[in-house]
2 protein chains.
Amino acid sequence: MIDAAGLRVMRAIADEGSFTAAALSLGYSQPAISQMVRRLEARTGTTLVERVGRSVRLTEAGAVLARHAGPVLSALDAAEEEVAAIAGLRSGRVRLMAFPSASATLVPKALAMVKAEHPGVTITFSEAEPRESLAALRAGECDLAVAFVYEGTDLGRGEEDLDPFVTTPLLDDEVLLAVPHDHELAQAKNVDMAALKDETWIAGCPRCRGHLLQLASTAGYVPDIAYETEDYVAVMGLIAEGLGVAVIPDLILKTVHHEDVAALPMTPASRRHIVAVTTPDLQRVPAVKATLDALVASAQASNSKPSKAKR
Amino acid sequence: MIDAAGLRVMRAIADEGSFTAAALSLGYSQPAISQMVRRLEARTGTTLVERVGRSVRLTEAGAVLARHAGPVLSALDAAEEEVAAIAGLRSGRVRLMAFPSASATLVPKALAMVKAEHPGVTITFSEAEPRESLAALRAGECDLAVAFVYEGTDLGRGEEDLDPFVTTPLLDDEVLLAVPHDHELAQAKNVDMAALKDETWIAGCPRCRGHLLQLASTAGYVPDIAYETEDYVAVMGLIAEGLGVAVIPDLILKTVHHEDVAALPMTPASRRHIVAVTTPDLQRVPAVKATLDALVASAQASNSKPSKAKR
DNA sequence: TGAATCCTATAACGCGTAGTTATCATAAGG
DNA sequence: CCTTATGATAACTACGCGTTATAGGATTCA
């Protein structure tokens, strides 16, 4: 019934003492004030302004409105300012999730960039496998996820539906074969997957295990998986001891280097796409957008050549 | 930029959890909410609502608006309620001024009536001669004045311009000739003003003095005014002691009765009109209107026959 | 007293906001 | 898989809320 504009007008009249002055102070024309007052009087059913000769004077009811104007308008201003702070990146909160090996360099660098450029933006970060982070994103417990997708592996495959999300490519990570330093293939330039039929395998995370199975399946056999662990330091150790070989993304190899392990390209070449995932809505939230931009910049600075945008 | 309606919508969305439910709770249609949110997002330049599958969830900025809605809206409601209280006569203040002899019965009765019917309305009352009360009315220091006008005396006469006011007739008060009980005319049914040429006169208030001068002037002489006092009790005393005669309104005679004074009609008949005066604006203020109505009722109950409305 | 000036009120008009209904597209759930 | 619930969009309407132009009073000053 009574709106903020009405209160602003009443306060201006109280302060300025005339319609004309009030109009001037609000940037309106004089008749606008006349009409606004009339509207307010019609709505409230009471006289608000006493037109006395040259000037005007507020009635009791009018004074009441003018008196309430201050608190209401300043509360509105406060709300507006707070939203503007978020929109202007002087404030904001982003909940970021990334898979463990992305945490090593990609994410820390991006966090530092955001903090440097927008000190008001706070980012809460937690590690999670793609499966979990996408679930969190879907559940609204996360604003931005850094995940990966194996090439060839169809994005969705039922469990991870990327349909409602927008994905931004960050890095293309080549998957290499890791063998002991003294392995017969250690010096090879390239190795065919089919040639590894009789090797003993070490698998990483469930997702990577699936990838291995798919690669072997394509080559026409089922790999002999002797060890499984999500700890890639352990994987490297196992390989170094000659207990097996493994397919490991280049990015991980760079992080957990082991001098007794050699890495070599495979045929067919296999890649892991590292992407940032969010929703169309969240992508437009300034703080989220800034973090996403920082991730892209971080990826470009750190390493390879991102491929073209997707979806 | 941000208005109360927007805050109300954001709060409803936060409370209800969906656009449809929010629309229902506000009595709007669902698209109205959709559009309102879009407008707000355009104005703030930020995403306020995250459309997640079936339902929606507020972003940080949206939550900020929803959080501010409470204080702002309740402040608005408070203002509205306060104005409604004044409009509904559950509250209100009236500054009433009346000339002294009206204070005796007319005003007290009216005050009692208002108090009985509208306990929330408080009336502040002070005595003042018509000249003062009208000046106060013009200066905005008074909402309602009870004044009088002598018949024949032109209302305005330069000094008391009733143009910007509205006057409501309350009583018609006949002006009588007051003489000592043992005066030669004391038993007369009627007395001609012209026959009083050689009397010694006692004048009341300045205004009444003016009236006396006009009556005498019409009759063709200048009265011999021996005493002047605004205190009508004193006037009666002077008359009773045989020190002179006076023209006194009937209403005053009823109030300050003196058994040694006789009152008789004069020719030409002269009347004093007692009126309530206010401004067109103030007349529409509920508390003022109620007081004015009470004055009219009080006048009708107490005495004579009010004449028809004026201006 | 009359002219000048400063107010407010009113009329006529235009535009944008904010509703409506109707229809479509998409998730969620049995 | 089909139903159902929910949000988005389009097209339309209306009126709230500004504008300019002009008229009507009130106050001041010569």
Side-chain angles (χ1 to χ4, degrees), chain A residues 1-10 12-13 16-43 47-58 62 135 137-140 156 158 161-165 279-281 284, chain B residues 1-10 12-13 16-43 47-58 62 135 137-140 156 158 161-166 279-281 284 311:
Chain A
M1 184 168 184
I2 288 183
D3 60 347
L7 290 187
R8 193 172 353 253
V9 167
M10 292 306 294
I13 293 173
E16 305 290 335
S18 85
F19 284 14
T20 301
L24 206 62
S25 91
L26 294 177
Y28 289 153
S29 66
Q30 170 267 314
I33 306 295
S34 264
Q35 295 183 80
M36 176 61 99
V37 170
R38 194 199 327 206
R39 274 194 293 272
L40 285 175
E41 289 183 334
R43 288 183 203 168
T47 305
L48 298 176
V49 177
E50 188 185 344
R51 283 80 164 174
V52 45
R54 183 105 118 189
S55 190
V56 297
R57 184 173 24 243
L58 296 186
L137 192 56
R138 190 182 300 271
D161 190 1
L162 289 182
D163 237 28
F165 299 132
T279 68
D281 291 318
R284 316 186 93 185
Chain B
M1 183 165 182
I2 287 183
D3 60 347
L7 291 187
R8 194 173 351 254
V9 167
M10 291 305 295
I13 294 173
E16 306 290 336
S18 84
F19 283 14
T20 301
L24 206 63
S25 90
L26 293 178
Y28 289 155
S29 64
Q30 170 265 316
I33 306 295
S34 264
Q35 295 183 79
M36 176 61 101
V37 170
R38 191 194 331 198
R39 275 194 294 272
L40 285 175
E41 290 184 333
R43 287 184 203 166
T47 305
L48 298 176
V49 179
E50 188 186 345
R51 283 79 165 176
V52 45
R54 181 104 122 191
S55 191
V56 297
R57 182 173 26 241
L58 297 187
L137 192 55
R138 191 183 299 273
D161 190 2
L162 290 181
D163 238 29
F165 300 132
V166 282
T279 68
D281 292 318
R284 317 186 93 186
R311 182 196 162 75

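Throughout, a chain's letter reflects where its sequence line sits, starting with A, and its residues are numbered from 1. Just so it is clear, the model here is predicted, and its values are computed rather than measured.
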### Task
Find the distance A/Tyr28:OH to C/dT8:P and express it as a whole number of Å.
17 Å

### Task
Would you indicate whether B/Arg43, at its atom CZ, is surrounded by more than 12 heavy atoms from other residues, nucleotides or ligands within a distance under 6.0 Å?
yes

### Query
How long is the gap from CG on A/Asp3 to CZ on A/Arg39, to the nearest 0.5 Å?
8.5 Å

### Query
Taking CD1 from B/Ile33 and P from C/dA18, how many angstroms apart are they, rounded to a whole number?
12 Å

### Task
May I have the distance from B/Glu50 (atom CD) to D/dT6 (atom P), rounded to whole angstrom?
18 Å

### Message
How many whole angstroms separate atom CZ of A/Arg138 from atom P of C/dT26?
### Response
16 Å

#### Entry: Spatial distance of atom CD (A/Glu16) from atom CG (A/Leu26) [nearest 0.5 Å]
8.0 Å

### Message
Tell me the interatomic distance from A/Leu24, atom CG, to C/dT8, atom C1', rounded to whole angstroms.
### Response
15 Å

### Message
Quick check on B/Arg57: does its CZ atom have over 12 non-hydrogen neighbours (other residues, nucleotides or ligands) under 6.0 Å away?
### Response
yes

### Message
Whole angstroms only, please: what is the CZ-C1' distance between B/Phe19 and C/dA25?
### Response
16 Å

### Residue A/Ser34, side-chain heavy atoms: nucleotide from D/dC17, C/dC7, C/dA9 that is nearest
C/dA9

### Spatial distance of atom CZ (A/Phe19) from atom CZ (A/Arg51) [nearest 0.5 Å]
5.0 Å

### Query
Taking atom P of C/dT8 as reference, at what distance in whole Å does atom CE of A/Met36 sit?
16 Å

### Task
Verify side chain to side chain contact (heavy atoms under 4.5 Å, CB included) between A/Asp281 and B/Val49, making sure each step is shown before the conclusion.
CA-CA 8 Å; A/Asp281 291 318; B/Val49 179; over 6 Å; no

### Selected nucleotide, minimal atom distance to B/Pro31 side chain, candidates C/dA9, D/dC17, D/dA10
D/dA10

### Query
Closest to the A/Arg51 side chain: C/dA9, C/dG19, C/dC7?
C/dA9

### Task
Decide side chain to side chain contact (heavy atoms under 4.5 Å, CB included) for A/Ile33 and A/Ile13; before the verdict, give the C-alpha distance in whole Å, the side-chain angles of both, and the deciding distance to 0.1 Å.
CA-CA 9 Å; A/Ile33 306 295; A/Ile13 293 173; 3.9 Å; yes

### Task
Using whole Å, report how far CZ of B/Arg8 lies from P of C/dG19.
10 Å

### Query
When all nucleic acid strands are considered with a 4.0 Å heavy-atom cut-off, which category describes B/Ser29: base, sugar-phosphate, or nothing?
base

### Query
Reckon A/Thr20 touches a base, only the sugar-phosphate, or nothing at all at heavy-atom distances under 4.0 Å?
base

### Query
What is the bend of the helix from C/dT1-D/dA30 to C/dG30-D/dC1 when you compare the axis at one end with the axis at the other, using five pairs each and rounding to 10°?
30°

### Task
Give B/Arg39 one of three labels, base, sugar-phosphate or nothing, depending on what nucleic acid heavy atoms sit under 4.0 Å from its own.
base

#### Entry: A/Arg38 side-chain N/O to D/dG16 phosphate OP1/OP2 under 4.0 Å
no

### Query
Going by modelled atom types, is there a donor-acceptor pair between the base of D/dA8 and the side chain of B/Gln30 at under 3.5 Å?
yes

### Query
Less than 3.5 Å between a donor and an acceptor, one on the side chain of B/Gln35 and one on the base of C/dT20, is that the case here?
yes

